[in-house]
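In what follows, every chain begins at residue 1, and chains take the letters A, B, ... in the order their sequences are listed.
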Amino acid sequence: MPLVFAGVCSHAPGIVGRAHMADPADRASCHAAFDDMRVEIEATKPDALIVIAAEHFANFFMNNMPAFAMAMTDHYEGPIEDEVWLGIRRHRIPGHADLALRLITRVLDEVDVAYAEEWKLDHGIMVPLHFLTPRYDLPIIAVNINCQGPPLTPLHRAHAFGRVLRRACDEVPERIALIGTGGISHWPATPISGRINEAFDREFLERWSANRRDELLAYRDEDTYRNAGQGGFEIRTFIAVSGATEGLAADVLYYRAIPTFSVGCTIGIVRGLEGYDAVPQAGGRRQG
Amino acid sequence: MSLYYLQKVLFQLNRDPGVRQRFDSDFAALLDEYELTEEEREALRKPDVGLLYVLGVNGQLLMHYAALCGMPWADYIEAMREGVCRHGPVRAGLYALPDPAP
């Protein structure tokens, strides 16, 4: 059935792992925005949650780096990171191999996606799940777009992947929610970790929330690296969500540059999805 | 310079408890399985996180190695800064691209 939910959120490890070091108002507003997203996702009563993330060498390395990969497994283990460092305990997280098989089969008609029957979760998925499915009771289908090891997946291919993933979701009977996770500008794990280019982020979010395809695909990696750091390459996950929700605008519920978390923390929700029942919308805009 | 293998050691250390165990008990033999230069082996052995950064290791691998070696976050960031002061700019990999704008 038609997709019931689509949105984007940040996934920086500091959001949980360095929460105690943050300004209390930053921490509280950011975590509350994630909670608003959780409420909206739960209200759509999804059977599964697809998480399109930019992983950080949890499964894929330069020995065999897929441009796109989807998990086809009934369970995951995560996080791979140190539990104390990330602030998230290791869990076994449910997957949905049968649904993934059907989605992957459909996606393969148009995009050469790799599949993996074994998959470990890093902060790119664990941080969002920590807030969005805190009881780890919703089956997850993990998706990776290569934002780490150049040559990277081209932006227009990420968009095309989102489009076909959407068609695949529409053709199965399950109620599916979809999120993309990543940073906008950030320089994670480098000497200038904590730098955020708020102007770049706000410009990107304007293009993203209006779902202006041509403007989203106009970013060039050299410029993105210069203005938004290597973390900015993760815009691919947001662009895949745009591809999955073509023609629909989104609300940016929350944006706040929080250097302690090393990212401009973002929550965005796509409006007007056919499968999204009229549920009370939480919070409204929470600008930082 | 064999950045690929240097990063591969760290990738496998981060995700494989068996490799981590050998890192503690059988370090030299473990590293023999990778094509590493003497400088790279030394950087791993010390550990010299600053030099690993300059050699081009991706931070998404390096930050976990630093944590594994018991370095707090602030020390990790400082080690990279010091590394650039001592060894010069990053030589390879993602961060060898032109410097980000201030």
- Message: Could you tell me if the side chain of A:Ile125 sits less than 4.5 Å from the side chain of A:His11, heavy atoms only?
- Response: no
- Message: Report which part of A:Glu222 has an atom under 4.5 Å of a heavy atom belonging to chain B: side chain, backbone, both, or neither.
- Response: neither
- Message: Heavy-atom cut-off 4.5 Å, strictly under: side chain, backbone, both or neither for A:Asn197 against chain B?
- Response: neither
- Note on the structure: So, the part of A:Phe60 with a heavy atom under 4.5 Å from chain B: the answer is backbone
- Message: So that I know where these two stand, are A:Phe200 and A:Tyr219 an aromatic pair - ring centroids less than 6.0 Å apart?
- Response: yes
- Message: Quick check on B:Leu62 against chain A: is it the side chain, the backbone, both or neither that has a heavy atom closer than 4.5 Å?
- Response: neither
- Message: Please list all pairs meeting salt bridge (charged side-chain N to carboxylate O under 4.0 Å, His left out) that have one or both residues in residues 64-82 of chain A, counting only residues at least two apart or in different chains.
- Response: none
- Any A:Leu178 side-chain heavy atom under 4.5 Å of A:Ile52 side chain: yes
- Task: With a 4.5 angstrom heavy-atom cut-off, could you sort out which part of A:Asp122 is near chain B: side chain, backbone, both or neither?
- Result: neither
- Query: Does any non-hydrogen side-chain atom of A:Pro13 lie less than 4.5 Å from one of A:Trp85?
  - Reply: yes
- Task: Could you tell me whether B:Tyr4 and B:Tyr34 have their ring centroids closer than 6.0 angstrom?
- Result: no
- Let me know if B:Asn58 has heavy atoms under 4.5 Å from chain A in its side chain, its backbone, both or neither. side chain
- Contact part of B:Gln7 toward chain A, heavy-atom cut-off under 4.5 Å: side chain, backbone, both or neither? both
- Query: Looking at A:Val84, A:Thr190, A:Ile80, which has the largest count of heavy-atom pairs under 4.5 Å with chain B?
  - Reply: A:Thr190
